[in-house]
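Have a look at the structure below before the remarks.
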Amino acid sequence: MMEKQAEDHILIVDDKINNIYVLEEILRQPGRNLISVTNGNEALKIALHQEIDLILLDVQMPGMDGFEVAQILKSNKRTSETPIIFVTAELKDHKFVMKGFEEGAIDYLYKPLNPEITEAKVSVLLQLHRQQRELMEKNQALENYALLINNSADLICIIHGSSFLFEEVNDAVHTLLGYTVQEMKGSSLLNYLSEEGQARVKQLAAVYQPEFLFEALMYTKNNEPRFFSWNVVHKQNLWFAIGRDITRQKKADFEIKELNRNLERNLAQLQLTNKELEAFSYSVSHDLRAPLRSINGYAQMIQEDHAHAFNDEAKRMLNVISKNAQKMGMLIDDLLAFSRMGRKEITRVPVEFNKLVEPIITELKNSTPHKTKITVQALHNTQGDPALLSQVYMNLISNAIKYSAKKEAPEIEIGAEEKEDEIIYYVKDNGAGFDMQYAHKLFGVFQRLHSNEEFEGTGVGLAIVQRIIVKHGGKVWAEAKPGEGAAFYFSLPKINKPPI
Amino acid sequence: MSEHLNNGKVDIVLCEDNADEAELTIRALSKQGLANSLVHLKDGEELLHYLNCTGTYTGRNAANQPRLIILDLKMPKVDGLEVLKKLKSDNRTCMIPVVLLTSSKEEKDIRESYMLGVNSYIVKPVDFEGYVKAISTMGLYWLILNQTCQM
């Protein structure tokens, strides 16, 4: 309800119209709203439903008399503070009546009414009532502030700027530090701070700043350490301060830092291991190949220079030596290729898979003559390293060709399937297949499920496939039946779209 | 031998620490008749002494520099890359063609060699036939086909 320059509402209750008229004449002036009724019921109806600042109540009325009306008004919360002036012809009930209404603002006027006295009493009571209302409103506001301050999870306080004594402190201190408000008041902030914190506070107080922030370690009543972040407004040598317990945050920060440190340590270790591996593969490449070349070369030299001294069996054996040396050379090359793959950084660019696969099929057609029918479905696109993914298809397709070569009508199907957040690519053949109980061995280095006599190979191709796909954040797996064919699958994550 | 080392005309200096490998290389070159005036040195340090006519090669005629140096990458004492760096930055030796003959396919080695000015980089094939073919082709190219700069 908006108040426009506080109009006073005065309720006049009298069973005689003439009396009402007299009162209205005496009291009428700007800023006053006079409401007149002729019985107690009407009076109650109005008083209980609208704001009334003063009631002039005739005592002798038929039906409900003035005292009865007053009693009801005083017992109602809304009207209990409304001042009442009884208008009466006699003094006789005066003493008795007074007792009942001692607390409220109560006064008496005696008929016949004296205009000056009437006006004087009315204006005094109105003023009193107005002041009381303002006071109540202020009190309410203060109470709200107190609620606000005391229900804060943060410490809110006023600290003396040079003695550091707490002048005011809110209830939060109990939850945060374990002390009561009474214990805190008058004590020094320094008592609760770590040595470092004390030094910080003294340093901050030495130079005037209108506002400042600081963090400090504080101790609870149980001597438990707590980290506080303080926000201070400095006015007239008083600190209006808010302290927030940031212990949990600090702990989390520390843990994150610790995790980061661990991560860095692991990374350094990894880098070292990678370096060692590099050195290892380097020496493998150089040192292991040289003796092989000599074995090979000298076997050849014997055949060239001393063939006449050897029979066929001896020559066959020399051949075995050469063949094995060459085989080992291949193993070393493949192993090196595998280790190089592990060290390679992958790039991620959008890849058009059909365009990627096409030249591989052409290349395989030219390099390995075969009669295999190769069908390529429309392949979904995603991002990856084109060179490495080419290597994957190269290995999978050449495997499929190799293992289906002995079939009447070898067939290979290359396809893809889109899932919720990944794409699954596959290469299926109708070749030799394998027993699923050995499937777990497929992707290991130098692991083979077929003898060299059946199908040639070193057992590195699929290990390389797995390495490349895992580096892309995907998986590889296979399904097969002996004699009926095999299907090799790999999944790649879909292109990540930023959330916004 | 020493007489020949110090004063004779030299076509090829083969710098290789592994004697077996050296024998294979020399045999391959011999098949093309390219090993008649070949000097085999055991490591990079010896090669530097040889080229600079220092150490045991003091007194060697510095005018008789080889027409081709075949260099292994991994050698004791001074390795191939170090030798390469030294002789390519020395005015007296920078014009001599240097071929790296090595087992290493490492990209790092290849890149570094070319940065230092190697004239050719050949990865030794494991099989002997391939090896003989590679060495023969290389020898014919550098000694017969290629025109070198007379110092």
Side-chain angles (χ1 to χ4, degrees), chain A residues 274-307 315 318-345 387-388 391 456 458 460 464, chain B residues 14-32 35 40 42-44 70-77 79-84 100-113 121-136 138-139:
Chain A
N274 263 343
K275 269 226 171 93
E276 282 169 0
L277 263 175
E278 214 166 314
F280 172 74
S281 74
Y282 184 87
S283 42
V284 167
S285 120
H286 193 277
D287 298 345
L288 240 56
R289 256 197 287 219
L292 277 179
R293 193 162 32 252
S294 293
I295 293 171
N296 224 352
Y298 280 81
Q300 192 72 31
M301 279 156 71
I302 290 172
Q303 282 184 339
E304 282 176 16
D305 296 359
H306 306 284
K315 283 177 192 161
L318 275 175
N319 253 328
V320 172
I321 293 174
S322 295
K323 233 172 58 197
N324 277 292
Q326 274 174 42
K327 166 90 185 175
M328 188 157 172
M330 259 158 61
L331 285 173
I332 291 171
D333 283 349
D334 284 354
L335 190 61
L336 276 175
F338 180 65
S339 117
R340 234 177 265 136
M341 196 68 71
R343 283 180 274 140
K344 221 171 220 165
E345 292 285 324
L388 294 181
Q391 181 76 55
E456 273 193 19
T458 54
V460 173
I464 288 179
Chain B
L14 172 65
C15 193
E16 165 72 74
D17 63 315
N18 183 327
D20 296 343
E21 294 257 311
E23 189 178 342
L24 295 178
T25 308
I26 293 167
R27 187 182 171 101
L29 288 167
S30 299
K31 287 193 174 182
Q32 302 298 328
H40 173 212
K42 305 287 190 295
D43 60 58
I70 301 171
L71 193 60
D72 189 15
L73 205 55
K74 212 178 158 201
M75 290 183 295
K77 295 187 204 168
D79 77 14
L81 288 176
E82 272 182 83
V83 175
L84 184 63
L100 267 173
L101 189 60
T102 171
S103 302
S104 170
K105 276 187 200 171
E106 291 291 307
E107 260 184 54
K108 197 181 119 227
D109 284 337
I110 299 173
R111 195 181 323 115
E112 211 164 321
S113 302
Y121 190 107
I122 294 169
V123 179
K124 297 174 181 174
V126 169
D127 70 301
F128 186 62
E129 272 169 56
Y131 190 68
V132 169
K133 212 171 140 195
I135 301 291
S136 307
M138 182 269 291

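Below, chain A is the first sequence line, B the second, and so on; all start at residue 1.
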Please tabulate, for side-chain N and O atoms in residues 299-307 of chain A, each donor-acceptor pair with protein atoms closer than 3.5 Å (sequence neighbours left out).
{"residue": "E304(A)", "atom": "OE1", "partner": "R27(B)", "partner atom": "NH2", "Å": "2.8"}
{"residue": "E304(A)", "atom": "OE1", "partner": "K31(B)", "partner atom": "NZ", "Å": "2.8"}
{"residue": "E304(A)", "atom": "OE2", "partner": "K31(B)", "partner atom": "NZ", "Å": "3.1"}
{"residue": "D305(A)", "atom": "OD1", "partner": "R27(B)", "partner atom": "NH2", "Å": "2.5"}
{"residue": "D305(A)", "atom": "OD2", "partner": "R27(B)", "partner atom": "NH1", "Å": "2.7"}
{"residue": "D305(A)", "atom": "OD2", "partner": "R27(B)", "partner atom": "NH2", "Å": "3.3"}

Task: Residue E107(B) versus chain A: region with a heavy atom under 4.5 Å - done: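 Answer is neither: E107(B) stays 4.5 Å or more from chain A.
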- [ ] Heavy atoms only: give me the nearest L24(B)-Y298(A) pair and the separation to one decimal.
- [x]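 Result for this residue pair: CD2-CE1, 4.0 Å.
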- [ ] Give the minimum heavy-atom separation between S103(B) and A290(A), together with the two atoms involved.
- [x]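 Minimum heavy-atom contact is OG-N, 4.5 Å.
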Return a table of donor-acceptor pairs under 3.5 angstrom between the side chains of residues 318-333 of chain A and protein atoms on other chains or two or more places apart.
{"residue": "S322(A)", "atom": "OG", "partner": "L318(A)", "partner atom": "O", "Å": "3.4"}
{"residue": "N324(A)", "atom": "ND2", "partner": "V320(A)", "partner atom": "O", "Å": "3.0"}
{"residue": "K327(A)", "atom": "NZ", "partner": "G457(A)", "partner atom": "O", "Å": "3.3"}
{"residue": "D333(A)", "atom": "OD1", "partner": "R289(A)", "partner atom": "NH1", "Å": "2.4"}

